[in-house]
Every structure is written in structure tokens, then in C-alpha cells.
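Sequence lines set the chain letters: A, B, ... in the order given, protein chains first and strands last, and positions in each chain run from 1. What you see is a predicted model; the values in this text were computed from it and never measured. Side chains included, hydrogens not; waters and symmetry mates left out as well; all remaining heavy atoms used.
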There are 2 protein chains.
Amino acid sequence: MTRWLSADEQAVWRAFLGANKLVFEQLDRELQRDAKIPHAYYEILVRLSEAPERALRMSALADRSQSSRSRLSHAVARLEDQGWVKRESCAEDKRGQIARLTDEGFAALEAAAPLHVESVRRHVFDPLTAEQQRQLKAISTALLAALHDDPDGPART
Amino acid sequence: MTRWLSADEQAVWRAFLGANKLVFEQLDRELQRDAKIPHAYYEILVRLSEAPERALRMSALADRSQSSRSRLSHAVARLEDQGWVKRESCAEDKRGQIARLTDEGFAALEAAAPLHVESVRRHVFDPLTAEQQRQLKAISTALLAALHDDPDGPART
DNA sequence: CTCGGGATGTTGAGGGTTCAACATCCACAG
DNA sequence: CTGTGGATGTTGAACCCTCAACATCCCGAG
């Protein structure tokens, strides 16, 4: 009954698995070394910096940074201790909380960004041809679309 | 000085980032649900099951399962508590430890494998064309090769 | 108006990973 | 032989994430 993987498929899967694990571990390690934060936190700072007023509702921030609400709560608490983010209560919705990037947070992001971009270039873009970069985008988009249609899709709770 | 990402590159990068995070989180979640173990532990069991005698030196197992020695130590300790792996001291090298898959561990792997393969098919292979699968392998291989050449390469300590 | 279901965000426990420090042991130069 | 540098594994602390439970609040049906 089980649709086992063929030898070719195994090879694809193991290459994909290995590359992903190692690439993202490497990026995370360099970011931790250069900016003292994990990649998930960097992502949060980026999304905040792109928002108007550098502020977002927690739930909107969770969606844009592909983070669970729980993870975001913990992360923002830590970033707040660090002085990089401030939490404010929301006027229109008493349940809401608004996360706002502080000047210190923005400065930290500006310091970290060049180093991180260099990491991404070295480990992702430089090794690939322009054609492969296009293929990678198409593949990623297809995977995301499939996941989105899945009945048991990505939990957003 | 910084080689910032172009708009196109940004799009590639964010798609890749998002797809990866969500796909692997989904696979991990389903494996946790179906087999009660994280994917890293599943990987360890697989590598052990493929080895002669279903046993491997810790360091060889660490390499094959793309795991740091520290992580492997913790993981094997936990798998040993669970009765799925046994540790034996190595005859030729008194520093060495050999991890051996128990019958219970093999049975657990046999039970988990079909469900996990189905996950992988649904979330990775089914959404991609045969052509894209070939491309994905080439891309992954290129990323791995670049990482391997890197002076600051994947830490294996 | 009000009540119940859904949404928002937080919390704490449990578990996994990383990092640095460490103990032990091999191997080889001298 | 004998040091000594490198390898092998382990450990504990710190940190991050997940999951389930929870408190709070919005909103629409009746």
C-alpha cells in the first residue's frame, strides 16, 4: 500500500534534506555569532521595520514572520527585555497588543543586515546559476501552494 | 559595499525561506504526531537501520545523520531510555561508543516509516513535476558543495 | 441585551539544541 | 618510551520552541 520512494527519489530527498539542514544551520550560526540573535528573531525585526510606524499587531506580525503566536509571544518578550521592541496595548481592540520596533532595535537590525545578507549570498545565491534561482523560486512557490491547500495545513494557532 | 539583494532575489529568498520553514515544520509535526519522535531522531534510527549489524560508532552516526556530536549524545541518551537504542563500548578504541538499534527500535521505525513517507510525498514530491525534482536535486547538491568548500564550513564538533 | 462561540495573546511545562568545558584516550614525533 | 596535540563522547547551563491550558475580549444570533 505504501508508496515508497524510488532510488532516484531517495537521492532527491536526501540531498534536499541535507542541504537544507546544513544551509540553515550555517546561516543561523553566523547570525548568532554576528548579531547575537537567532534567525527567527531577525525575521521579526525585519517585518517590524517594514511596517508603517514600525509597529504591528501581534497576530499580523505572527503571520508575516511565519511564526506561531506562542513563539512570537516568547520572542517579543525576550526582545523587549533586550530593549529592541516595545509592547503597547491596542486602542480599538482591548485584546490586541502592538509590537513596536525601538530605535535601538532598528539600529541593531541595521548593524546585522549587511552581515546576514553576505551570509545569504555566500551560502545560497553565489552557488546557484540565475536559472537555478528561478527554478528554486518556482519550486518553493509550488511547495507553499500545496501546503496551503492541505486540509491539515500549517497550524497558525 | 554591501551586495544587497535585488527585488527579484528578495522574492526568491523569501519564497525559499517560507517554503522551507513551513514544509519542515509540517513534516516534523506529523512525525511527532504519528511516531512521537522529532525528525532528527527518526533520521538517527534510519541511519542505524541501514548500517551493518544495525550498529555504528557515535562519530560515524553523527556524520551520516548530519548531527553534531553533542546533539547525538543527548539524542541517543533519550533513545536509550526509550529502549530503542543500546550503547556498547568499542573494543578497538576505548574512547569509542557504539550505538546499536534494538529490535524494539527497529519495530518502531518500521511502524513510523510508511506514515512519514506519505508525509514526504504529500508535501514535497506530489507538488513538484519530475523536472522540478531533478532541478531540486541539482540545486541541493550545489548548495552542499559550496558549503563544503567554505572555510567556515559546517562545524562538525 | 445577552449569551456563547471564536479570536487574541500569554503562560508554564516539557523537551530539543547549542555552546563551552571537560575527561578520556589514541597516535606520533622526538 | 614519553609527551603532547588531536579525536572522541559526554555533560550542564542557557536558550528556543511546542503544546495545551487559560484569561480576556469581540461579535453576532436570538
Would you kindly give the [atom1]-to-[atom2] distance between [X] and [N], to the nearest whole Å?
{"X": "R33(B)", "N": "dG15(C)", "atom1": "CZ", "atom2": "C1'", "value": "20 Å"}
{"X": "R69(A)", "N": "dG6(C)", "atom1": "CZ", "atom2": "C1'", "value": "12 Å"}
{"X": "D63(A)", "N": "dT8(C)", "atom1": "CG", "atom2": "C1'", "value": "12 Å"}
{"X": "L79(B)", "N": "dG15(C)", "atom1": "CG", "atom2": "P", "value": "14 Å"}
{"X": "Q97(B)", "N": "dG9(D)", "atom1": "CD", "atom2": "P", "value": "7 Å"}
{"X": "L56(A)", "N": "dG9(C)", "atom1": "CG", "atom2": "C1'", "value": "15 Å"}
{"X": "L72(B)", "N": "dT11(D)", "atom1": "CG", "atom2": "C1'", "value": "14 Å"}
{"X": "E25(A)", "N": "dC19(C)", "atom1": "CD", "atom2": "C1'", "value": "13 Å"}

Think S68(B) has a side-chain N or O under 4.0 angstrom from the OP1 or OP2 of dT18(C)? yes
Is there a side-chain contact between S59(A) and the phosphate of dG9(C), meaning an N or O under 4.0 Å from OP1 or OP2?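 It does, given that an N or O in the side chain of S59(A) lies less than 4.0 Å from OP1 or OP2 of dG9(C).
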Less than 4.5 Å apart, any side-chain heavy atom of I37(B) and any of W84(B)? yes
What pair of heavy atoms forms the shortest contact from F106(B) to R54(B), and how long is it?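 In terms of heavy atoms, the two residues are closest at CZ-NH2, 3.3 Å.
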For a quick test of reading the model, state the closest non-hydrogen atom pair linking A11(A) to K137(B) and the distance between them. CB-NZ, 3.7 Å
Donor-acceptor under 3.5 Å (R100(B) side chain, R87(B) main chain): no
Would you say S49(A)'s side chain and V46(A)'s backbone share a donor-acceptor pair under 3.5 angstrom? yes
Shortest side-chain distance from R29(B), nucleotide among dC19(D), dT8(D), dG9(C):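 Of dC19(D), dT8(D), dG9(C), dC19(D) is nearest to the side chain of R29(B).
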Any idea which of dT18(D), dT11(C), dT8(D) is nearest the S73(A) side chain?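 Within the option list, the nearest is dT11(C).
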Can you tell me if [X] and [Y] form a side-chain donor-acceptor pair at under 3.5 Å?
{"X": "Q82(B)", "Y": "R78(B)", "result": "no"}
{"X": "E131(A)", "Y": "T129(A)", "result": "no"}
{"X": "Q26(B)", "Y": "R29(B)", "result": "yes"}

Polar atom pairs between nucleotides 13-16 of chain D and protein, under 3.5 Å, N or O only, would you list them?
| unit_1 | atom_1 | unit_2 | atom_2 | d |
| --- | --- | --- | --- | --- |
| dC16(D) | OP2 | R78(A) | NE | 2.7 |

Taking 4.0 angstrom as the limit, do [X] and [Y] come out as a salt bridge?
{"X": "E30(B)", "Y": "R122(B)", "value": "yes"}
{"X": "E43(B)", "Y": "R64(B)", "value": "no"}
{"X": "R71(B)", "Y": "E25(A)", "value": "yes"}

How are the rings of W13(B) and F24(A) set to each other: parallel, tilted or perpendicular (split at 30° and 60°)? parallel
Between protein and nucleic acid, restricted to nucleotides 26-29 of chain C and to nitrogen or oxygen atoms under 3.5 Å apart, what atom pairs and distances do you find?
| unit_1 | atom_1 | unit_2 | atom_2 | d |
| --- | --- | --- | --- | --- |
| dC26(C) | OP1 | K94(B) | N | 3.2 |

Review item, nucleotides 1-3 of chain C N/O atoms under 3.5 Å of protein N/O:
none

Has the side chain of S70(B) got a donor or acceptor that lies under 3.5 Å from a partner of the other kind on the base of dT17(C)?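 No, no donor-acceptor pair under 3.5 Å.
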